[in-house]
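The analysis underlying the following values was restricted to heavy atoms, covering all of them including side chains, and did not include hydrogens, waters or symmetry mates.
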Amino acid sequence: MTSVQSGSFWQHSQSYLDDEILIKKLLLSHDPDRRRLNSEMLLSAVENIVFHATASEELVSDKPVNANFKSNISNIELIESPEPLMHTIYKIAHEMLCKSPGKEDLHTRTMASFDLLGSHRWGAKAALALAAFAINYGEFSLLMQLRPHIPLAVSIANFKQIPSNMSMLKPQVKALRSLSKTMVDLTKCIIEFEALPLVHVGPDMEDLAVMKPKIYVTAYWIIRSTLVCSSQIKSLMAMKPEQVHAKHFKLNNSANFSYFSRYSNITIAAWELLSLDNRLSSIYSHLRPQVDAFRRQTEAKMHQKLLSLFKKSHIDNQNVLQMLFALKDDLPLKDCSTQEKLGVSALKSKVVLLLISKPDLLPFEQLFFLVNQTYDHPHNDKIEGSYAIIWVPISFYEAWTDAEQKLFDFISNSMPCYLVRQPWSLNSAVVNFMKQEWNYGGEAILVVLDSEGMITNLNALDMVFIWGSKAYPFSLSRENELWDGEQWKMQLITNEIHPILTQWVEEGRNICIYGSENLDWIREFNAKMKDIKDAGMQHEMIYVGKNNPGEHTKEILSIMNREIHSNLLSFTKIQLFWLRLESMRRSKSRLGNNASTDNVVAQISALLDNNNDNGWAVYGKGLSTDIVRVEGDEIFPCLNLFRQWGENVGRLEFIDALRTVLEPPLVDGPCNHTQVVPYSEGLVQGNMVCQNCKLLMKKFTIYE
């Protein structure tokens, strides 16, 4: 790591205050225990207060203000603490406001605050002190902004004896706003530095030894500044009206000298804040680039460590999961079904499926199907407990937005799987690793880690959509194995879409899947198929629309339900039908297959890419591999020929007859073709179609 150089501020600080003595005193007060505060979220809540407090005054409207997700104090955790978070903040606020500044010097009061915060880390100390200040500052600013418009605010301001005209205090208030923002920015630096996984990457100890004292001194000046700001707010609220309204004065008039003195006090107070702001800004200008340098170096080392980690063999998955999720939190996961917080030890000996996606997860139909194919899949009972799905949401932006966090909070309460409890706290190196090495680019992926933490599939989402829990352990080799056992048949096309459809396939029924968005064609097709069914050739009809079904498909379904009174698949199920076909094509493509070399890919592509307005149909029977796909222009001549066969059509094998009539006749005139067929049980009642003329053959019995 590049050596960290001491800046001019730190040299000046040595001359102004003996930093070594100060640091020793600070370290004597520093005794952190196991309590852990989400300092980042607390600071975000503080920043939200400061932002609204420093906003220009404007008329209060009836429009509700949406609270920032992170500003909700109930979402901020203080783990393993003997007291609630707000108790700690109120104690610090009491220290700031209730002790008279004149009885103790500022340094002594600052060190007393460090004694009070001794159990917390440096970033938490600064964040808690800022939170205590923000409460006082926010209440004061709220009264100032509301008093011109709300009678209750007027009453409270009068009760607290806050002057009605604060125009003389603008320099002081402006300095207070600027210093508040600088304190927040500096606290971010401390929190970011402490969040770096330095222990896991082996930092340069000399650089670390230089950096740590700067963090201690920075925390000192932040907390010292909060005390000054709180004292000034207290003084502002106690100021008498005549102190505020002193606008004109003459130095030779002794009666006006007191006004000049009070005006000078306001100026001095503003200069005190500006002086602190300049000092903290100087600290920030040196500390910010140094923290950024540590972050870049740490992320580079972390990336290399993750690469190395996934190349090694392990006895279990704990080291890998620890590096991915538990760098900041011992309980980084949540079981959504029980709301229980979990450590990575809960995943020991399991196959882990990392569902990486944007905070909005998946479209509804895909999410529904994912749950249906895993937790609700009949095969899941046989392997329950052998694998776990963890949802790892990643923001689309550099930082999580309020809308993303609200969406995550909503979805996380209805998911059946595990998830990362606070995904915005994931280490940036881990997020970048997922993007670069696992090719996550915004589209959901399902990365599979075996029970030893090794990657066995970079995206098993498609195989889950195709086979559900039968795809366990979801590895790439298992995907190849499943495809080796598959052929183009009705079972593959319709599997798990609807239980009744699955039952029809298992029973060996004739099934016709058809699609079109031409309502006239659909009506005519259904009418002809009904005639054939009435003649005795039994079959089941399934309408699936076309690829990427939309509102027009919904309208057609509504009309069909009124006119035909039957369609097995709902709009959502139709979406799932096409989703599975897309998954099949992607899965085959990843394995190196294409339409020119693989019949399954060719048949799938013919359906997915079909733009024929006159529709299409696929006919199959049960588990048979004999499947016929017919384009809309060819279907009606075939069905008309079926009708010519009359009552005999019911004794024909549907698929055989269809395939026969699709092939052109070999003769134009009279046909004398004969065919001898060995006797078999049931053949006496059957019929055959001539391969030459495509007409029903007359049947004779011969004896040998």
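Atom NE2 of H314 sits about 10.0 Å away from atom CG of L321, to the nearest 0.5 Å. For the atom pair CD1 (I604) and CD (E582), the distance works out to 9.5 Å, reported to the nearest 0.5 Å. Atom CG of D207 sits about 9.5 Å away from atom CD of Q290, to the nearest 0.5 Å. Taken to the nearest 0.5 Å, the CD1 atom of I135 stands 4.0 Å off from the CE atom of M86. Here L276 contributes atom CG and M183 contributes atom CE; the two are 8.5 Å apart, rounded to the nearest 0.5 Å. Rounding to the nearest 0.5 angstrom, the gap separating the CG atom in L324 from the CG atom in N427 is 10.0 Å.
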* To do: Using the side-chain hydrogen bond (donor to acceptor under 3.5 Å, both in side chains) rule, take D462 and S587 through it: C-alpha gap first, then chi angles, then the decisive distance, then the call.
  => CA-CA 6 Å; D462 287 326; S587 175; over 6 Å; no
* **Pair R288-E192, salt bridge (charged side-chain N to carboxylate O under 4.0 Å, His left out): steps then yes or no** => CA-CA 10 Å; R288 178 76 268 173; E192 287 177 26; 2.5 Å; yes
* Begin from the C-alpha positions of K406 and D409 and carry the test salt bridge (charged side-chain N to carboxylate O under 4.0 Å, His left out) through to its verdict. => CA-CA 5 Å; K406 288 179 179 178; D409 192 45; over 6 Å; no
* Give the C-alpha distance, both sets of side-chain angles, the deciding distance and a yes or no for salt bridge (charged side-chain N to carboxylate O under 4.0 Å, His left out) between D329 and R36. => CA-CA 8 Å; D329 190 352; R36 286 291 180 270; over 6 Å; no
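Listed for the S281 side chain is a donor-acceptor partner under 3.5 Å among the backbone atoms of D277. Checked by atom type and distance alone, the side chain of N593 never pairs as donor or acceptor with a backbone atom of D598 at under 3.5 Å. Judged by distance alone, with hydrogens and angles left aside, the side-chain atoms of S589 form no donor-acceptor pair with the main-chain N or O of R586 at under 3.5 Å. N372 places no side-chain N or O within donor-acceptor distance of the main-chain N or O of F368, the cut-off being under 3.5 Å. Here the side chain of E194 pairs a donor or acceptor atom with the backbone of G123 at under 3.5 angstrom. A donor-acceptor pair under 3.5 Å is formed between the side chain of R580 and the backbone N or O of I466. The backbone N or O of Q339 sits nowhere less than 3.5 Å from a side-chain atom of K334 that would complete a donor-acceptor pair. Between the Q322 side chain and the L327 main chain, no donor and acceptor come within less than 3.5 Å of each other. Looking at S412, its side chain does come within 3.5 Å of a backbone N or O of F408 through a donor-acceptor pair. No donor-acceptor pair under 3.5 Å is formed between the side chain of D335 and the backbone N or O of E340.
The ring pair (Phe, Tyr, Trp, His ring centres under 6.0 Å) test applied to W122 returns H30, Y216, not counting sequence neighbours. Partners of R35 under the salt bridge (charged side-chain N to carboxylate O under 4.0 Å, His left out) rule, at least two apart in sequence or in another chain, are D33. The ring pair (Phe, Tyr, Trp, His ring centres under 6.0 Å) check on W483 picks up W467, with sequence neighbours excluded. Among residues two or more places apart in sequence or in another chain, the ring pair (Phe, Tyr, Trp, His ring centres under 6.0 Å) test is passed with Y440 by none. Annotation: side-chain contact (heavy atoms from CB on, under 4.5 Å) contacts of T401 (sequence neighbours excluded): Y397, A403, E404. For the salt bridge (charged side-chain N to carboxylate O under 4.0 Å, His left out) test, no residue two or more places apart in sequence or in another chain qualifies with K25. Applying the ring pair (Phe, Tyr, Trp, His ring centres under 6.0 Å) rule to F369 yields the partners F465; only residues at least two apart in sequence or on another chain are considered. Every salt bridge (charged side-chain N to carboxylate O under 4.0 Å, His left out) that D185 has, sequence neighbours left out, goes to K181.
Considering all non-hydrogen atoms of both residues, A471 and L482 come closest at CA-CD1, 3.8 Å. Pairing each heavy atom of P332 with each of G343, the nearest pair is CD-CA, 4.0 Å. Across all their heavy atoms, A388 and L347 have their closest contact at CB-CD2, 3.8 Å. Residue C336 comes nearest to L419 through the heavy atom pair SG-CD2, 3.1 Å, listed as atom of the first residue, atom of the second, then distance. The two atoms that bring V448 and P473 nearest to each other are CG1-O, 3.7 Å, heavy atoms only. Among all heavy-atom pairs drawn from S425 and N38, the shortest one is OG-ND2, 4.3 Å.
Two residues are said to be in side-chain contact when any heavy atoms from C-beta on lie closer than 4.5 Å; L280 and S225 meet this criterion. Looking at heavy atoms from C-beta onward, L355 lies out of side-chain contact with V447 at the 4.5 angstrom threshold. Within the 4.5 Å cutoff, the side chain of D316 has no heavy atoms near those of the E452 side chain. T374 places a side-chain heavy atom less than 4.5 Å from the side chain of I389.
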All N/O donor-acceptor pairs, side-chain side in residues 356-363, below 3.5 Å, sequence neighbours left out:
from: S357; atom 1: OG; to: W391; atom 2: NE1; distance (Å): 2.9

Under 3.5 Å, which donor-acceptor pairs do the side chains of residues 303-311 form with other protein atoms, sequence neighbours left out?
from: H303; atom 1: NE2; to: E437; atom 2: OE2; distance (Å): 3.0
from: K305; atom 1: NZ; to: H200; atom 2: O; distance (Å): 2.4

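Classified by interplanar angle (parallel below 30°, tilted 30° to 60°, perpendicular above 60°), the ring pair F133/Y137 is parallel.
Sorted pairs that involve residues 327-353 and meet ring-ring contact (aromatic ring centres under 6.0 Å, His included), not counting sequence neighbours, are lacking altogether. Screening residues 344-356 for side chain to side chain donor-acceptor pair (under 3.5 Å) gives no qualifying pairs among residues at least two apart or on separate chains.
Heavy atoms from other residues, nucleotides or ligands lying under 6.0 Å from CG of D330 number 12 at most. Heavy atoms from other residues, nucleotides or ligands lying under 6.0 Å from CD of Q436 number more than 12. The environment of OH in Y375 is crowded: more than 12 heavy-atom neighbours from other residues, nucleotides or ligands sit within 6.0 Å. Around the CD atom of E83, the shell of radius 6.0 Å holds more than 12 heavy atoms that belong to other residues, nucleotides or ligands.
For the pair R478 and E481, the salt-bridge criterion is met [side-chain N within less than 4.0 Å of a carboxylate O].
The ring of H120 has its center no closer than 6.0 angstrom to the ring center of F114.
Side-chain contact check for S477 and N480: no donor-acceptor pair (N or O, by modelled atom type) lies under 3.5 Å.
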